Protein chains: 2
Amino acid sequence: MSDAKVTSLDVARMAGVSQSAVSRVFSGASASKTTIAKVRAAADRLGYRPNRLARAMITGKSRIIGLVVAYLDNQFYPLAIERLSQALQERGYHILLIMAGNSPEGIDAVMADLMTYQVDGIITASVAISSDLTERCSAMGIPVVMFNRGQDGSGLSSITSANVEGGRKVAEFLLAGGHGRIAHVAGWQGSSTGRDRTQGFLAALAEAGASPPEMIDGMYDRATAAEAARRLMEGPQPPDAIFVGNDHMALAVMDRLRHEMGVSVPGDVSIVGYDDVPMAAWPAYDLTTLRQPVNRMVEATVDTLLAEIEDPARGHEKVEITGPLIIRGSARVPRGWT
Amino acid sequence: MSDAKVTSLDVARMAGVSQSAVSRVFSGASASKTTIAKVRAAADRLGYRPNRLARAMITGKSRIIGLVVAYLDNQFYPLAIERLSQALQERGYHILLIMAGNSPEGIDAVMADLMTYQVDGIITASVAISSDLTERCSAMGIPVVMFNRGQDGSGLSSITSANVEGGRKVAEFLLAGGHGRIAHVAGWQGSSTGRDRTQGFLAALAEAGASPPEMIDGMYDRATAAEAARRLMEGPQPPDAIFVGNDHMALAVMDRLRHEMGVSVPGDVSIVGYDDVPMAAWPAYDLTTLRQPVNRMVEATVDTLLAEIEDPARGHEKVEITGPLIIRGSARVPRGWT
DNA sequence: AGGATTGTTGCATACGTTTTCATCGACGCT
DNA sequence: AGCGTCGATGAAAACGTATGCAACAATCCT
């Protein structure tokens with residue numbers, strides 16, 4: 001019995017009530033038992049569902065969240081998106097997905113686009129946004145929370161893992177493992193995430209009196225990282241351990257070492273990654289890595305964003321979530337390490 | 001100079017024209033050079049962008065496409081989503097992403113939700129939808145195109161690779177390689193995609209006079225597929241080749257065989273997958289597989305969908321795109337094979 | 001019993017845009 | 001000069017919903 005476009009007015013007519021009554025029933029406002037029953041019955045017969053765009057117009061709340069993401073080839077992001085989407089759906093929100101290459105101007109354009117959809121909030125996954133844009137968002141009262149990336153001066157909320165601490169843990173693990181020549185294929189140093197991990201890693205090495213490691217920026221790119229690993233291994237004094245700035249690159253490094261250079265992992269060199277993407281647990285890699293707790297990061301992201309939406313006066317917050325080192329087979333394990 | 005909410009009326013006032021004039025400038029209708037200039041100037045100063053929801057209300061076109069996807073752990077889908085999103089963005093559309101577990105009722109609920117956003121069209125990636133829902137969509141004039149999945153009676157447009165033909169090609173390749181005991185870890189037989197690949201595969205084997213292969217449904221699930229492989233190999237006459245219904249499972253099979261059962265690939269058994277996800281090319285797997293041409297499938301999907309949106313009277317079409325067998329190192333290569 | 005309170009309901013307005021319609025001025029033609 | 005044509009313009013209606021307001025009924029209290 002469902003026809004093309006059925007509006008609250010149609011339902012009202014069939015139920016013999018006013019359009020306002022229909023609206024009240026579906027928006028949860030008060031109504032008598034009998035009207036509710038009549039409206040529900042008519043609505044079911046007609047297959048009526050309220051038009052969310054019209055509702056958004058009047059309330060000013062679209063219940064749409066913009067999600068801006070650069071690339072999806074790093075498995076960490078699909079996973080995060082899946083969880084984010086589910087968590088938001090449970091709370092009555094939905095995700096408008098935007099792919100933004102990595103050019104800053106592209107991101108600005110694309111986010112301006114987003115705002116014309118009257119999104120209630122924006123989540124950025126590993127993208128940097130201009131301060132100009134930040135201002136426009138706060139001027140329009142659109143909360144932004146950055147997922148897995150911080151931005152220093154921005155004053156925006158951000159959810160990351162405890163990257164500095166994570167970097168330290170990796171260093172301590174490798175030192176305890178008796179590695180003498182530790183190298184580092186860093187996460188992109190243009191990102192807070194990459195910088196922080198590197199910083200913690202270097203600090204812990206320095207405090208232990210170890211000499212500063214040889215280090216190359218892997219740009220979060222497989223090819224760049226693999227090439228970096230090759231250069232490290234072909235240097236005069238090849239490392240016996242490499243900390244790679246994320247799993248996505250670490251897997252590329254392992255591939256290059258094992259299958260193209262004949263280097264044994266962990267026999268000749270220990271590899272430690274960062275993220276603990278599902279593939280890290282696959283037998284072909286069995287990668288020791290510092291876990292970013294996706295679920296908790298997603299929860300924190302959703303909680304923070306919705307809180308800021310509900311209370312615009314709320315301050316911004318920077319959440320850091322600690323993750324454990326997941327010990328597998330790609331790095332020598334110190335004697336007695338738990 | 002940008003304040004909270006700036007509407008076309010604000011721009012009109014500042015430019016000294018009517019609100020209709022502003023609308024005409026931004027919707028591309030005709031206007032004199034001078035008005036255009038005045039409006040543009042005022043709009044820039046105020047930071048005005050038309051409200052797409054209001055526009056959608058009146059035009060009936062939201063320029064939003066609903067994308068329904070079950071899971072993202074199979075790398076094929078993140079990739080497809082990335083491309084889909086980009087292609088649609090270029091055409092002025094954006095994606096509302098919906099995660100739908102695999103329960104049919106969940107999918108119906110979630111798609112009904114989608115429709116309240118007045119989406120202009122829907123793309124389903126590997127999910128089946130009830131005929132009830134199909135009817136409601138066509139009643140509301142919302143085109144649906146199924147990506148990487150067909151549905152027999154539905155009369156919906158679908159874009160797939162040439163799965164039957166693909167299955168045949170794999171069979172021919174394995175036969176030419178001189179494999180005598182060929183087995184099959186099938187894609188989920190509840191999906192057209194899985195069934196078609198299997199059907200082509202079996203048909204080619206039968207035509208060549210080979211005995212029907214032992215076969216287990218891998219359900220598109222890593223654990224299930226790995227277990228299936230174990231059972232096949234531990235049978236009385238273990239296979240010397242396995243065709244696995246997609247790469248996602250094939251990688252799991254290789255892991256299980258190589259690292260947990262000590263079986264050599266391709267020494268003891270050849271493995272062929274389907275999809276050619278990026279990981280298939282990684283040295284750790286080097287998987288021979290039948291490529292699904294993502295880019296062309298995505299192009300066909302958005303072309304078909306947008307065509308149906310622009311011309312609702314247009315019929316539905318089922319597009320099949322042929323992909324090549326990508327020969328790598330996981331399966332024995334027939335002598336002289338190009 | 002009468003007034004105060006509470007809960008329900010319908011009317012009308014608003015949200016920000018597109019689009020029809022009529023008006024108007026300018027222009028070209030005979 | 002007068003008439004028809006055409007492009008530009010503003011006024012106003014629509015899209016489908018939420019909500020303030022006033023009217024009204026019912027209930028409660030003293």
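The structure displayed is predicted, hence computed values, not measured ones. Here is the naming used below: chain letters follow the sequence lines, and residue numbers restart at 1 for every chain. Any value given below was found using the heavy atoms of this structure, including those in side chains, with hydrogens, waters and symmetry copies removed.
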With nearest nucleotides of DNA chain D determined for Ala31(B) and Ala54(B) from heavy-atom distances, which residue corresponds to the more 5′ nucleotide? Ala31(B)

Does [X] put a side-chain nitrogen or oxygen below 4.0 Å from OP1 or OP2 of [N]?
X	N	result
Thr35(B)	dA8(D)	no
Tyr117(A)	dG16(C)	no
Ser20(B)	dT19(C)	no
Thr7(B)	dG16(C)	no
Ser8(A)	dT17(D)	yes
Ser30(A)	dT8(C)	yes
Ser23(A)	dT17(D)	no

[atom1] of [X] versus [atom2] of [N]: gap in Å, rounded?
X	N	atom1	atom2	value
Leu46(B)	dG16(C)	CG	P	14 Å
Leu9(B)	dA14(C)	CG	P	13 Å
Gln19(A)	dT19(D)	CD	P	12 Å
Arg24(A)	dT19(D)	CZ	P	10 Å
Gln118(A)	dG16(D)	CD	C1'	16 Å
Arg13(B)	dA11(D)	CZ	C1'	15 Å
Lys61(A)	dA14(C)	NZ	C1'	18 Å
Lys38(A)	dT9(C)	NZ	C1'	10 Å

Do Asp108(A) and Arg136(A) sit within salt-bridge range, that is, some charged N less than 4.0 Å from a carboxylate O? no

So does Lys5(B) pair up with Asp10(B), basic N to acidic O under 4.0 Å? no

Among [options], the nucleotide that comes nearest once only the side chain of [X] is considered:
X	options	value
Ser32(B)	dA8(D), dG16(C), dA14(C)	dA8(D)
Ile58(A)	dC15(C), dG10(C), dG10(D)	dC15(C)
Ser18(B)	dG10(D), dG10(C), dT9(C)	dG10(D)
Met57(A)	dC15(C), dG10(D), dG10(C)	dC15(C)
Arg55(B)	dT18(C), dT9(C), dG10(D)	dT18(C)

Identify the two heavy atoms, one from Glu82(A) and one from Leu72(B), that lie closest to each other, and give their separation to 0.1 Å. OE1-N, 3.1 Å

Hey, does Val17(A) reach any base, or is it just sugar-phosphate, or nothing, if we go heavy atoms under 4.0 Å? sugar-phosphate

If you measure only the distance, is there a donor-acceptor pair under 3.5 Å linking the side chains of [X] and [Y]?
X	Y	result
Ser157(B)	Glu308(B)	yes
Thr34(A)	Ser32(A)	yes
Asn148(A)	Tyr77(A)	yes

Has the side chain of Arg52(A) got a donor or acceptor that lies under 3.5 Å from a partner of the other kind on the base of dG16(D)? no

